[in-house]
There are 2 protein chains.
Amino acid sequence: MGRWEPDAPERLVLAALDLFTEQGYENTAVAQIAERAGLTKSTFFRHFRDKREVLFGGQEVLAEMLTSGIAGAPEQAGPLAAVEAALVAVSAGLTEERRAHGPQRLAVIAGNVELRERDALKMVGFSTAMAEALCRRGVPELEASVAAELGVLAFRRGYHRWLENGGDFAEVARRTLREVRAAVAGLEGGE
Amino acid sequence: MGRWEPDAPERLVLAALDLFTEQGYENTAVAQIAERAGLTKSTFFRHFRDKREVLFGGQEVLAEMLTSGIAGAPEQAGPLAAVEAALVAVSAGLTEERRAHGPQRLAVIAGNVELRERDALKMVGFSTAMAEALCRRGVPELEASVAAELGVLAFRRGYHRWLENGGDFAEVARRTLREVRAAVAGLEGGE
DNA sequence: AGAGTGATGGGACTAAGTCTCATCACTTAG
DNA sequence: CTAAGTGATGAGACTTAGTCCCATCACTCT
């Protein structure tokens, strides 16, 4: 399978990350990314659906982990316990290599609307994936949506913390989800 | 102000909606939309940031209504009561004319990833707008985010119901938010 | 009538994204 | 050891989104 210089996708990701950081996302052409990676525009689009996607690769895998995490939670677990299982399960996909470029990647995304847009879509994907998995466990549709939304919120916050402080993502995510649940309780209690 | 044939933006929206429905979003060129509206490509991009935006116009106004709804809620109101005020306030922006093309618009959006992506971004915008408005009321940041997220969920579901059944949006939204709160309670209680 | 203003038309230009075909590195059967 | 096969890449044409600049036109006000 691997011919020529191996790992074309990874080389493209790294080249893109550097160029986006150096000169900004919109000032960087796909051809330029490909050139720095020793490839061509054709090859770039063979590996990535579009220019944005070079920063969001492998998220389908994470969504898959979320759903299987929920599916694999104990029978008697409630929706939020299942969501916790999902967050724990996804930690297997958050590799140390992924953490290395995380902050740089987040900075680039934060600086561009198109990229924030793609990020929003990915988060919606996570949410519906979890909600559907919860429904398959017999959770009513609305409760599933609420639990999934809270799960995504915890995931986002946990992910940021994990990038800042490191450590085990499963641990961080568990703690973050607990805080979200506390906030929910405070919401209902405080009226 | 109005010269030539008036209401260029509205004509563009209607032309786009028809063409997207007839032949699909990706099979429709901007030049074609402009032509059907009796205008040119230049004018299209003068009124809309990009091709997607022709289906999402005026949402900044809605976000504005959400924030001012929250800001205008009674002092002693809790976060979720403020969110309810936001949803009630936004009903002023959901005109009957908007409802007329709602289903067609939703169908087009549902059929295209780029458009779902833009929709996701708009919802994130609503969420952060509400969360920031809640923070300005002194609500802790995490609770504000949770409440805003629940508010967006209620807004989406209420919007769909409103399109299907009509009636007063404020009424529908209030009922939907109540259901979301019940689901949240069921989530915490059932474990 | 003439200057000013704001919206439009037109056309050139860049870059994203698609498509097709040739080519090259490497594998495997004979 | 060679020749066919396979999969990834290169090359280039092509369409369209989106930007820019400038001329023009409709209408207003003096």
Side-chain angles (χ1 to χ4, degrees), chain A residues 1-58 108-109 111-119 121, chain B residues 1-20 22-58 108-109 111-119 121-122:
Chain A
M1 324 226 156
R3 331 266 160 101
W4 296 271
E5 305 301 321
D7 298 322
E10 188 186 339
R11 269 155 52 214
L12 286 166
V13 169
L14 295 179
L17 215 40
D18 281 350
L19 286 168
F20 292 165
T21 303
E22 289 171 17
Q23 54 188 16
Y25 173 80
E26 43 255 330
N27 298 324
T28 305
V30 169
Q32 195 181 1
I33 302 170
E35 186 188 11
R36 176 167 298 200
L39 296 166
T40 63
K41 200 181 72 162
S42 303
T43 304
F44 181 95
F45 286 111
R46 202 168 283 121
H47 289 288
F48 302 102
R49 185 159 58 81
D50 54 40
K51 185 180 169 187
R52 296 154 218 100
E53 200 64 15
V54 72
L55 289 179
F56 294 91
V108 172
I109 292 173
N112 180 274
V113 199
E114 286 184 44
L115 295 173
R116 289 199 300 274
E117 197 170 13
R118 177 59 50 87
D119 189 62
L121 182 68
Chain B
M1 325 230 153
R3 330 267 160 99
W4 295 271
E5 305 302 320
D7 296 323
E10 187 186 338
R11 269 156 53 215
L12 286 167
V13 168
L14 295 179
L17 214 40
D18 282 350
L19 286 168
F20 292 165
E22 289 172 18
Q23 53 188 15
Y25 174 80
E26 43 256 332
N27 299 323
T28 304
V30 170
Q32 194 181 2
I33 301 171
E35 186 188 11
R36 175 167 300 200
L39 297 166
T40 62
K41 200 181 70 161
S42 302
T43 304
F44 180 95
F45 286 110
R46 202 168 283 122
H47 289 289
F48 302 102
R49 187 158 56 82
D50 54 40
K51 185 180 168 187
R52 296 155 216 98
E53 199 64 13
V54 71
L55 289 178
F56 295 91
V108 172
I109 292 173
N112 181 274
V113 200
E114 287 183 44
L115 295 173
R116 290 200 301 274
E117 196 170 14
R118 177 58 51 87
D119 189 62
L121 183 68
K122 296 292 183 178

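All values below come from the heavy atoms of this structure, side chains included, with hydrogens, waters and symmetry mates left out. In what follows, every chain begins at residue 1, and chains take the letters A, B, ... in the order their sequences are listed.
When rounded to the nearest whole Å, the span between CD of E53(B) and P of dT19(D) equals 12 Å. One interatomic measurement links the two molecules: CD1 of I33(A) to C1' of dG17(C), which rounds to 13 Å at whole-angstrom precision. Here the P atom of nucleotide dT16(D) and the CZ atom of F45(A) are 17 Å apart, to the nearest Å. Rounded to an integer number of Å, the gap from CD of E10(A) to P of dA8(D) is 17 Å. Look at CG on L12(B): it is 13 Å from C1' on dA7(C), rounded to the nearest Å. Atom CG of D50(B) is separated from atom C1' of dA15(C) by 15 Å (rounded to the nearest Å). Atom CD of E26(A) is separated from atom C1' of dT19(D) by 13 Å (rounded to the nearest Å). To the nearest angstrom, C1' of dT18(C) lies 17 Å from NZ of K51(A).
Atoms CG and CZ, on D50(B) and F45(B) in that order, are 7.5 Å from each other to the nearest 0.5 Å. To the nearest 0.5 Å, atom CG of residue L121(B) and atom CD of residue E114(A) are 10.5 Å apart. Here CG of L19(B) is found 5.0 Å from CD of Q32(B). Values are rounded to the nearest 0.5 Å. In this structure, CG in L12(B) is found 7.5 Å from OG1 in T43(B), a value given to the nearest 0.5 Å.
Taking only side-chain nitrogens and oxygens, R52(B) comes nearer than 4.0 Å to OP1 or OP2 of dG18(D). Between T43(B) and dA7(C), a side-chain N or O to OP1/OP2 separation shorter than 4.0 Å is absent.
Each of E26(B), R52(B), E117(B), R118(B) was checked for a side chain to side chain donor-acceptor pair (under 3.5 Å) with N112(B), and the lone residue meeting it is E26(B).
Judged as a side chain to side chain contact (heavy atoms under 4.5 Å, CB included), and not counting sequence neighbours, the contacts of V13(A) are F48(A), V54(A).
Looking at the side chain of H47(B), the nearest of the listed nucleotides dA17(D), dT18(C), dT8(C) is dT8(C). Closest to the side chain of A29(A), from the set dT9(D), dA17(D), dA15(C), is dA15(C).
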Watson-Crick and G-U pairing of DNA chain C, under 3.5 Å, as dot-bracket with | and [ ]: ||||||||||||||||||||||||||||||
Between the protein and nucleotides 10-13 of chain C, are there any N/O to N/O pairs under 3.5 Å, and if so, what are the atom names and distances?
{"residue": "dG10(C)", "atom": "N7", "partner": "S42(B)", "partner atom": "OG", "Å": "2.9"}
{"residue": "dG10(C)", "atom": "O6", "partner": "S42(B)", "partner atom": "OG", "Å": "3.1"}
{"residue": "dG11(C)", "atom": "O6", "partner": "S42(B)", "partner atom": "OG", "Å": "3.3"}

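Panel note: side chain K51(B), backbone T28(B); a donor-acceptor pair is recorded below 3.5 Å.
Residues I33(B) and A15(B) come closest through the heavy atom pair O-CB, 3.8 Å.
Using a 4.5 Å cut-off on side-chain heavy atoms (C-beta onward), F44(A) and L39(A) make no contact.
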